There are 2 protein chains.
Amino acid sequence: MDDNKRKVLEEEVRAQADRSIETLYSYLRLKTVSAQNLAIPETVNFVSELLNSLGAEVKVLDDLGGNPIIYGFLPAGEKGNASKTLLFYDHYDVQPPDPLDEWNSDPFEPYLKDGILYARGTADNKGTLMQRLAAIKALENTSGLPCNIKFLIEGEEEVGSPSIAAYLEKYADLFKADACIWEFGNKDAAERVSLFAGIKGSAYYEFSTKSAIIDIHSSLAAVIDNPAWRLVQALASMKNQNNDITVEGFFDEIEEPDEALIKTVRAVPFNDEALKKSFGLTRPFITEARGEVPQDALMLQPTLTICGMVSGYIGEGAKTVLPKEAKVKIDCRMVPGQTGEHLLACFKRHLARHGFSDVKVEMIESQRAFRSDINDPFLKLVKKTAEEAYQSEAVLYPNSAGTGPMYVFDKYLHLPIVSTGVGWAESKAHAPNESIRMKDYVDGSLHMAYLLTEFAAQ
Amino acid sequence: MDDNKRKVLEEEVRAQADRSIETLYSYLRLKTVSAQNLAIPETVNFVSELLNSLGAEVKVLDDLGGNPIIYGFLPAGEKGNASKTLLFYDHYDVQPPDPLDEWNSDPFEPYLKDGILYARGTADNKGTLMQRLAAIKALENTSGLPCNIKFLIEGEEEVGSPSIAAYLEKYADLFKADACIWEFGNKDAAERVSLFAGIKGSAYYEFSTKSAIIDIHSSLAAVIDNPAWRLVQALASMKNQNNDITVEGFFDEIEEPDEALIKTVRAVPFNDEALKKSFGLTRPFITEARGEVPQDALMLQPTLTICGMVSGYIGEGAKTVLPKEAKVKIDCRMVPGQTGEHLLACFKRHLARHGFSDVKVEMIESQRAFRSDINDPFLKLVKKTAEEAYQSEAVLYPNSAGTGPMYVFDKYLHLPIVSTGVGWAESKAHAPNESIRMKDYVDGSLHMAYLLTEFAAQ
């Protein structure tokens with residue numbers, strides 16, 4: 001792309017990005033909370049119309065159950081490369097806005113202040129989709145689309161994408177592409193653009209034990225076994241005070257990282273001070289106590305996390321009760337190779353071996369990890385074009401510490417995936433006062449325009 | 001007492017007990033929930049009037065704060081023994097009725113069916129007080145009161161009797177007596193009358209640890225320490241899988257039981273099948289696994305019980321959150337010699353020694369244990385008269401596994417104490433559908449009449 005063409009494109013992207021804000025506002029006003037099954041048909045119509053207005057062929061896929069998946073296709077322009085196809089993965093659903101009283105403005109009424117736009121879904125991921133569409137519009141208005149573009153926009157990402165695998169399997173030909181741009185990303189506290197070439201998997205379990213049909217007067221704890229103590233002992237047998245996971249077989253399936261991967265992982269920044277400040281952390285990082293590299297832990301090692309725990313009386317003051325049952329919710333962030341089913345089998349065997357056959361474990365959901373080949377040229381291209389568009393350093397993470405359905409995209413479509421998006425360090429996705437910065441919105445749009453252009457030429 | 005006098009008394013007690021039911025209904029309709037500070041003044045008036053109507057001298061003590069304590073005094077009749085005084089300890093407050101939807105009738109509208117009277121407070125302890133007053137009325141109507149009678153009726157028993165020690169200390173002379181009849185008791189599943197010559201103490205603690213100011217996305221659990229895991233590990237260090245309490249110093253203060261006490265303890269029945277059935281227990285008794293005598297555990301050994309535990313997400317389904325804090329509520333049932341303050345110091349030292357200085361512990365309340373001298377003739381007298389009145393076996397427990405403010409009664413009044421009351425095996429004190437059987441109500445009233453008569457002659 002010569003400097004002149006680049007300048008024309010940049011101006012048009014900025015204009016289109018500005019123009020798209022009003023449409024973004026309308027999109028954000030739709031309360032598409034998938035966990036509560038809200039506003040799904042309206043949002044599907046809204047997004048289909050957005051794609052239609054760009055001239056896309058649109059299919060609303062709903063024959064396999066779940067919230068509809070929107071397919072969109074835009075062919076390369078006359079001067080474009082019709083042999084290359086880029087797939088965008090986005091989702092039209094958002095997280096619930098709770099706790100409502102911690103929002104400074106209505107979560108479903110966009111509020112712009114000092115260049116920051118607040119609303120549920122701004123960062124995750126309605127803003128990111130709109131940013132992409134603005135880039136495409138700008139390309140259409142200038143030199144035409146440089147390659148084919150496909151969209152897969154689902155409506156269950158915030159509830160673990162339970163239906164997507166079935167659709168990808170059935171419609172693998174429809175969604176076929178050469179590379180995929182994923183739905184999330186952000187600038188970090190040091191204004192570096194964070195890009196992710198993979199994700200961790202996640203498997204979610206509920207452990208429970210029940211000893212009686214009703215809560216019992218605690219005086220009888222002298223003779224009656226306490227399910228809360230049982231669960232505490234069972235949990236303590238699974239992870240020790242040094243944070244070593246002690247479940248036999250837990251690490252068995254892990255694909256050993258090679259030297260190149262370890263090097264790339266350790267090269268990404270770890271924003272320890274930003275994390276400490278952002279969450280008001282009172283304890284040292286686990287990795288500090290263990291003498292480990294935090295980047296290794298975030299990208300190459302699985303976790304075993306208590307997400308929630310409940311038993312007996314949890315109100316104010318004293319109630320002398322012996323609980324009838326105890327429950328704990330456990331999340332495992334998995335690395336490539338691991339499966340939720342194997343971990344479930346490990347837990348069951350561990351509980352039986354350690355005398356906790358009364359503790360039941362059930363898998364609620366699971367998604368496998370995925371990591372693109374770090375030598376794939378697409379990864380380098382995403383990074384290079386990001387640095388050009390944002391005019392700041394970009395960091396390519398071999399994988400994010402978070403989760404998404406990348407594994408099934410690779411399974412059925414076999415393609416490199418990089419995730420990027422409109423977020424910033426304080427975007428608070430999933431939390432109150434979610435926001436994006438309008439400057440990032442425009443720069444990210446430019447990134448997509450540059451990427452599409454160079455991807456077509458690659 | 002000759003047979004004729006005994007017969008006259010029995011008939012009059014039965015008549016007075018029947019006649020008192022209507023007044024009991026009015027008493028039960030008062031919603032005297034001390035935890036919610038409900039209906040306190042009305043109930044104090046109601047109870048004062050009850051005592052007045054028997055001719056008692058009544059004082060409402062409220063100069064030291066808390067809900068008023070009602071003092072009542074009835075002198076021995078002309079033919080009675082004015083050198084002996086029996087003190088009745090009762091309370092006019094009741095437990096909250098929650099959970100309301102588990103009641104089969106209105107908890108504050110007495111409902112009689114098949115000889116069983118349902119309402120909050122029937123067993124604990126409004127029914128028991130009325131039963132005692134009916135006995136006194138019958139004695140007044142026949143041969144006159146055989147001894148002096150005093151009452152201490154408090155209104156904070158269900159919230160741990162926080163004010164009673166101060167009143168007992170200040171008014172020790174006023175409440176001076178030779179023996180005390182306590183507020184609770186029941187017939188067991190085998191229709192034996194259970195009498196209690198002591199109670200365990202209870203100390204209630206909250207342990208908590210906090211690592212962050214907000215809940216965090218669980219992907220960061222790879223590096224950020226989890227307060228729920230911290231608390232699990234801290235708890236597991238305090239009690240092992242075999243239910244051994246491993247807190248150093250926990251058993252230090254315990255008064256060693258002598259041979260006679262151990263023998264008495266082991267002689268009381270342990271209704272294992274009734275307990276299993278009543279609570280639907282799915283696990284063996286702790287004592288079974290430990291090869292211990294359940295009676296020892298219930299009466300001679302302290303407990304360390306998780307009453308409640310909470311951290312993070314406790315709703316349905318999955319939320320992948322790293323909790324900001326974790327809390328647990330712990331109840332220790334103590335035996336004579338132990339103090340809540342010593343245990344608090346043990347917990348603090350234990351946590352510090354085991355690397356859990358981030359876990360805070362706070363004592364919410366504590367009451368010491370008390371056990372009457374098991375050789376005191378008063379104990380034998382209560383048992384003997386119970387067997388005569390109920391025409392069934394009575395069992396004297398050296399102490400109950402439950403708790404009450406007996407320790408401070410002994411501290412300031414120095415007297416033997418036995419607890420007896422109107423309950424049966426299915427009374428469900430503190431639970432929905434609390435009830436008493438009318439036959440027990442009348443038999444227990446007769447027990448009090450016999451006891452007062454023989455106590456005066458002892």
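To find a chain, count down the sequence lines: A is the first, B the second, and so on, and within it residues start at 1. Note that the structure is a prediction, hence the values are computed from the model and not measured.
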Chemist: Please rank A:Q233, A:E365, A:K324, A:K276 by heavy-atom pairs under 4.5 Å with chain B and give me the top one.
Modeler: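 Among A:Q233, A:E365, A:K324, A:K276, the one with the most close pairs to chain B is A:Q233.
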Chemist: Under a 4.5 Å cutoff for heavy-atom pairs, which residue among A:V159, A:V328, A:L281 has the most contacts with chain B?
Modeler: A:L281
Chemist: Using non-hydrogen atoms only, which part of B:L304 is less than 4.5 Å away from chain A: side chain, backbone, both, or neither?
Modeler: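 Contact with chain A is through both the backbone and side chain of B:L304.
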Chemist: If you count heavy-atom pairs under 4.5 Å with chain A, which of B:A35, B:S211, B:S202, B:A228 comes out on top?
Modeler: B:S211
Chemist: Please look at A:E316 and chain B and tell me whether the side chain, the backbone, both or neither of the residue comes under 4.5 angstrom of a heavy atom of that chain.
Modeler: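 Backbone only.
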Chemist: In terms of heavy-atom proximity below 4.5 Å to chain A, should B:K327 be classed as side chain, backbone, both, or neither?
Modeler: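 When you check distances to chain A, no heavy atom of B:K327 falls under 4.5 Å.
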Chemist: Go through B:R230, B:H430, B:E288 and name the one with the most non-hydrogen pairs under 4.5 angstrom from chain A.
Modeler: B:R230
Chemist: Given the options A:S218, A:A212, A:A236, A:G402, which has more heavy-atom pairs under 4.5 Å with chain B than any of the others?
Modeler: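 Top count of heavy-atom pairs under 4.5 Å with chain B: A:S218.
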Chemist: Which heavy-atom pair separates B:A222 from A:K200 by the least distance, and what is that distance?
Modeler: CB-NZ, 4.1 Å
Chemist: When heavy-atom pairs shorter than 4.5 Å are enumerated against chain A, which of B:I214, B:T403, B:D272, B:I216 gives the highest number?
Modeler: B:I216
Chemist: Could you pull out the closest heavy-atom pair between A:P323 and B:C307, with the gap in Å?
Modeler: CG-O, 3.6 Å
Chemist: Which heavy atom in B:M309 sits nearest to a heavy atom in A:I314, and how many Å separate them?
Modeler: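 Taking every non-hydrogen atom into account, O-CG2, 3.5 Å.
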Chemist: Please flag which part of B:N226 lies under 4.5 Å from any non-hydrogen atom of chain A: side chain, backbone, both or neither.
Modeler: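 Interface part for B:N226: side chain.
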Chemist: Is it the side chain or the backbone of A:K239 that comes within 4.5 Å of chain B heavy atoms, both, or neither?
Modeler: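 For A:K239, heavy atoms of backbone and side chain both lie under 4.5 Å from chain B.
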Chemist: Please find the pair of heavy atoms, one from A:I306 and one from B:W229, that lie closest to each other, and give the distance.
Modeler: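 For A:I306 versus B:W229, the nearest heavy atoms are N-NE1, 3.4 Å.
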Chemist: Please flag which part of A:S237 lies under 4.5 Å from any non-hydrogen atom of chain B: side chain, backbone, both or neither.
Modeler: neither
Chemist: Applying side-chain contact (heavy atoms from CB on, under 4.5 Å), run through A:K329 and B:V321 and close with a yes or a no.
Modeler: CA-CA 10 Å; A:K329 288 166 190 276; B:V321 71; over 6 Å; no
Chemist: Against chain A, label B:F279 side chain, backbone, both or neither, depending on which of its atoms sit under 4.5 Å from a heavy atom there.
Modeler: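 Its backbone and side chain both get close to chain A.
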Chemist: Under a 4.5 Å cutoff for heavy-atom pairs, which residue among B:T287, B:L231, B:L322, B:L235 has the most contacts with chain A?
Modeler: B:L235
Chemist: Taking every heavy-atom pair that is under 4.5 Å apart, which of A:I330, A:T305, A:V223, A:N240 has the most such pairs with chain B?
Modeler: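 Looking at each of A:I330, A:T305, A:V223, A:N240 in turn, A:V223 comes out on top.
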Chemist: Does anything in residues 290-298 of chain A reach chain B? List residues with heavy atoms under 4.5 Å apart, or say none.
Modeler: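 The residues closer than 4.5 Å to chain B, in numerical order, are A:P294, A:A297, A:L298.
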Chemist: Where do B:Q241 and A:H354 come nearest, in terms of heavy atoms and distance?
Modeler: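 Closest heavy-atom pair between B:Q241 and A:H354: NE2-O, 2.7 Å.
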Chemist: Report the option among B:A401, B:A221, B:S219 that has the most heavy-atom pairs separated by less than 4.5 Å from atoms of chain A.
Modeler: B:S219
Chemist: Could you pull out the closest heavy-atom pair between A:F285 and B:I224, with the gap in Å?
Modeler: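 Taking A:F285 first and B:I224 second, the nearest heavy atoms are CE2-CG1, 4.0 Å.
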Chemist: With only heavy atoms counted, which part of B:I364 is less than 4.5 Å from chain A, the side chain, the backbone, both or neither?
Modeler: side chain
Chemist: With respect to chain B, which residue among A:A431, A:G317, A:A318, A:S400 yields the maximal number of heavy-atom pairs within a distance under 4.5 Å?
Modeler: A:A318
Chemist: Can you tell me which portion of B:F270 sits under 4.5 Å from chain A's heavy atoms? Options are side chain, backbone, both or neither.
Modeler: side chain
Chemist: Given the options B:V310, B:N243, B:D215, B:T303, which has more heavy-atom pairs under 4.5 Å with chain A than any of the others?
Modeler: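 Top option by heavy-atom pairs under 4.5 Å: B:V310.
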Chemist: Evaluate the side-chain contact (heavy atoms from CB on, under 4.5 Å) criterion for residues A:L220 and B:L275: first the C-alpha distance (whole Å), next the side-chain angles of each, then the deciding distance (0.1 Å), finally the verdict.
Modeler: CA-CA 10 Å; A:L220 290 170; B:L275 272 181; 3.9 Å; yes
